[in-house]
Amino acid sequence: MTTASQPLHQAEPIESKTLRNVCGLFVTGVTVITAGEGARSAGTTVNSFTSVSLDPPLILFCLHKESRLRTVLQETRTFVVNFLAGKQAPLAWTFATRDTAALQDVTHHRSAEGAPILSDAMAFLACRVANEFEGGDHTIFVGEVVELGVPRQNQEPLIFFRGSLSALEEELAGLHPIWDG
């Protein structure tokens, strides 16, 4: 047993619960990935999202192999990454469970390629699947961004930290962007 003053250290083999707890210390944004057409439209909450390349414009996210969205995504080959605002935690939880609400129950419209965009999302990236890779119990999807928008400007993002969803508490003004090389 560790105390507050003892650092957590675990050598191989790594336990899933311990890995989840340690990775939960990394703050991420929260997205809902949507895909499909008509009654086959679906969405799922994802925090494993990142940009990959500006030229060409590529992003990636990871999806559990048993996700309800995986089959839909592999059939349609298009999807939307919907960035959620701080006040949208209930929406994130709606799409986080296996027994999700139907996408038809949420206000949405379609991208130029027909993928569902959550109308109240802070921002969105509409993508075509460019590649997919196996990654343990997940599939890593790489998408080429073909359309984007920021319909709800000046909102704080929804974040995920230590297994909880919340809005940022500090104002972002005055922060300098970090440019990677």
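Numbers here are sequence positions counted from 1.
- Between Ala115 and Val80, the shortest heavy-atom contact is CB-CG2, 3.6 Å.
- The backbone N or O of Leu58 sits nowhere less than 3.5 Å from a side-chain atom of Ser53 that would complete a donor-acceptor pair.
- A side-chain contact (heavy atoms from CB on, under 4.5 Å) with Thr34 is found for exactly one of Ile117, Leu69, Leu103, namely Leu103.
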Going through the distances and angles, do Leu125 and Phe83 end up as a side-chain contact (heavy atoms from CB on, under 4.5 Å)?
-> CA-CA 8 Å; Leu125 302 171; Phe83 295 30; 3.9 Å; yes

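- Separating the OG1 atom in Thr139 from the CZ atom in Phe141 is a distance of 5.0 Å, to the nearest 0.5 Å.
- Residues Lys65 and Glu134 have side chains in contact (heavy-atom distance under 4.5 Å, counting atoms from C-beta outward).
- Although no hydrogens or angles enter the test, the distance criterion places a donor-acceptor pair under 3.5 Å between the side chain of Gln104 and the main chain of Gly38.
- Residues Phe49 and Leu158 are members of separate hydrophobic clusters, defined by side-chain heavy-atom contacts under 4.5 angstrom among Ile, Leu, Val, Met, Phe, Trp and Tyr.
- For the residue pair Pro116 and Asn82, the shortest heavy atom distance occurs at O-ND2, 4.3 Å.
- Rounding to the nearest 0.5 Å gives a distance of 11.0 Å between CG of Leu73 and OG1 of Thr44.
- Closest heavy-atom contact between Ala112 and Glu147: N-OE1, 2.8 Å.
- Glu37 CD: 12 or fewer foreign heavy atoms inside a 6.0 Å radius.
- Between Asp137 atom CG and Ser67 atom OG the span is 12.0 Å, to the nearest 0.5 Å.
- Here the closest heavy-atom approach between residue Gly135 and residue Ile140 is recorded as CA-CD1, 4.4 Å.
- Side chains of Arg110 and Ser41: a donor-acceptor N/O pair is present below 3.5 angstrom, by distance only.
- Applying the ring pair (Phe, Tyr, Trp, His ring centres under 6.0 Å) test to Phe124 and every residue at least two apart in sequence or in another chain returns nothing.
- Between Leu63 and the choices Gln74, Arg68, Arg70, the side-chain contact (heavy atoms from CB on, under 4.5 Å) rule is met once, by Arg70.
- For the pair Arg152 and Ala121, the tightest heavy-atom approach, listed with the atom from each and the gap, is CG-O, 3.2 Å.
- Taking every heavy atom of both residues into account, Thr78 and Ala35 meet most closely at O-CB, 3.5 Å.
- Residues Asp120 and Thr107 have side chains that never bring a donor and an acceptor to within less than 3.5 angstrom of each other.
- By the rule that hydrophobic residues join a cluster once side-chain heavy atoms approach within less than 4.5 Å of another member, Val30 and Leu148 end up as members of separate clusters.
- Val52 and Phe133 fall within a single hydrophobic cluster, where Ile, Leu, Val, Met, Phe, Trp and Tyr side chains are chained together by heavy-atom contacts under 4.5 Å.
- Under a hydrophobic-cluster definition in which Ile, Leu, Val, Met, Phe, Trp and Tyr are linked whenever side-chain heavy atoms come within less than 4.5 Å, directly or via other members, Met122 and Ile59 are assigned to the same cluster.
- When the side chains of ILVMFWY residues are joined at heavy-atom separations under 4.5 Å, either directly or via intervening members, Ile33 and Leu118 end up in two distinct hydrophobic clusters.
- Aromatic pair Phe61/Phe79: centroids less than 6.0 angstrom apart.
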